[in-house]
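Below you'll find the structure I mean.
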Amino acid sequence: MALIEAQALRKSYRIGRGNIVEALRGVDISIDAGEMVAIMGPSGCGKSTLMHLIGLLHSPDRGQDREPRIVIDGHDVTNLPDRARTRMRAETMGFVFQSFNLIPTLTALENVGLAARYAGRSRSDASRAAAAALEQVGLAGRGGHRPTELSGGEQQRVAIARALINQPALLLADEPTGNLDSANGAEMMDVLKRFNSERGQTVVLVTHDAEIGGACSRTLHMRDGEFSD
């Protein structure tokens with residue numbers, strides 16, 4: 001059963017006066033529930049833009065010949081208003097980015113718990129869930145540390161715990177190993193694969209690393225805003 005069905009996704013950006021870049025050129029994509037899919041391609045090919053549209057961080061452009069459509073878990077989310085998009089992201093999705101995006105003044109426990117608070121959980125419930133999530137990614141003893149007191153690999157594990165605390169159906173990861181050495185990158189992929197296999201959570205990640213892409217169950221290749229063969 002498809003968790004994600006999207007058709008005719010286009011996105012253009014204006015760069016300076018009269019210069020328009022077509023990041024996506026009418027992409028269709030279908031991803032089944034429980035899959036672990038890598039979207040690969042060189043820098044600037046549109047893979048991160050595609051993830052941002054799937055993750056409801058941006059909206060697709062109106063179609064030239066076909067209207068865009070995004071369906072997630074059976075719900076047409078193409079034209080949701082901002083508040084509904086925010087709720088859908090909080091309840092259905094988790095995000096992991098290359099730059100970790102941790103709040104430097106908060107501890108690891110507080111950073112992870114913040115995602116649960118955004119989803120409407122009480123402070124005490126969020127704290128308990130954050131402690132459990134940190135334990136699941138191997139950081140049970142590091143909850144009181146701030147990001148600057150953690151290694152890059154540990155910071156990315158905190159980011160994964162934050163993404164997974166609400167047990168989302170869909171995890172989106174944009175170049176999640178980009179700031180990690182090979183050993184930490186491999187450990188991070190082991191964590192993602194474990195949650196995919198044990199919980200059945202759908203994982204979609206963007207990467208230019210062939211080794212990372214090869215660890216996924218399916219690989220899609222992009223070039224110049226389109227999927228290539």
Side-chain angles (χ1 to χ4, degrees), residues 34 36-39 48 51-52 55 57 86-87 89-209 211-217:
M36 186 169 183
V37 177
I39 301 173
S48 291
M51 175 165 286
H52 291 166
L57 297 171
T86 298
R87 185 169 61 250
R89 287 195 300 269
E91 295 175 351
T92 306
M93 306 175 190
F95 296 86
V96 179
F97 298 100
Q98 177 179 345
S99 59
F100 313 144
N101 289 350
L102 301 177
I103 299 174
T105 56
L106 299 183
T107 65
L109 186 73
E110 291 166 338
N111 266 285
V112 176
L114 200 58
R117 293 286 288 153
Y118 285 152
R121 299 166 76 170
S122 69
R123 186 179 301 275
S124 59
D125 184 34
S127 182
R128 286 193 296 270
L134 286 172
E135 183 176 2
Q136 289 165 349
V137 298
L139 292 178
R142 307 291 278 171
H145 292 72
R146 289 181 171 82
T148 55
E149 301 169 321
L150 301 171
S151 68
E154 288 173 329
Q155 289 183 60
Q156 191 61 297
R157 284 173 178 261
V158 173
I160 292 172
R162 180 184 58 193
L164 294 171
I165 188 171
N166 295 321
Q167 299 188 17
L170 174 62
L171 178 68
L172 299 169
D174 193 352
E175 297 284 6
T177 63
N179 284 335
L180 303 177
D181 58 30
S182 57
N184 279 313
E187 288 182 2
M188 192 223 64
M189 284 299 296
D190 287 342
V191 171
L192 293 181
K193 289 171 68 175
R194 175 162 53 86
F195 279 94
N196 172 251
S197 62
E198 293 179 1
R199 293 187 177 184
Q201 287 171 306
T202 306
V203 178
V204 181
L205 62 87
V206 159
T207 183
H208 64 273
D209 188 324
E211 188 172 349
I212 296 300
C216 296
S217 57

Q. Heavy atoms, side chains only, cut-off 4.5 Å: are L134 and R142 in contact?
A. no
Q: State the CG-CD1 distance between D174 and I39, to the nearest 0.5 angstrom.
A: 9.5 Å
Q. What closest approach, in Å, do A38 and G213 show between heavy atoms, and which atom pair accounts for it?
A. CB-CA, 3.7 Å
Q.
Is any side-chain heavy atom of Q156 closer than 4.5 Å to one of E187?
A. no
Q) Between the side chain of S197 and the main-chain N/O of R194, is any donor-acceptor distance below 3.5 Å? A) yes
**Q.** Heavy-atom closest pair, residues N196 and T202
**A.** ND2-CA, 4.5 Å
Q | Shortest non-hydrogen contact from A108 toward V158 | A | CB-CG2, 3.8 Å
Q. Are E175 and T207 side-chain neighbours, meaning at least one heavy-atom pair lies under 4.5 Å?
A. yes
Q: Working to the nearest 0.5 Å, report the span between OG1 of T105 and CD of E110.
A: 8.0 Å
Q.
What's the separation between atom CD in Q136 and atom CZ in R199, rounded to the nearest 0.5 Å?
A. 4.5 Å
(Q) Restricting to non-hydrogen atoms, name the atom on L109 and the atom on A131 that form the minimum distance, rounded to 0.1 Å. (A) CD1-N, 3.4 Å
Q) How far apart are the closest heavy atoms of M36 and C216, and which atoms are they? A) O-CB, 3.3 Å
Q) Could you state the interatomic distance from CZ (F95) to CE (M51), rounded to the nearest 0.5 Å? A) 9.0 Å
Q) How many angstroms lie between CZ in R157 and CG in L150, if you round to the nearest 0.5 Å? A) 11.5 Å
Q. Can you tell me if CD on E211 sees more than 12 non-hydrogen neighbours from other groups inside 6.0 Å?
A. no
Q. Taking atom CE of M189 and atom OG1 of T177, what is their separation to the nearest 0.5 Å?
A. 7.5 Å
Distance-only donor-acceptor pairs under 3.5 Å for side chains of residues 159-168, two or more places apart:
unit_1 : atom_1 : unit_2 : atom_2 : d
R162   : NH1    : N101   : O      : 2.8
R162   : NH2    : F100   : O      : 2.8
N166   : OD1    : R121   : NH1    : 3.3
N166   : ND2    : A115   : O      : 3.2

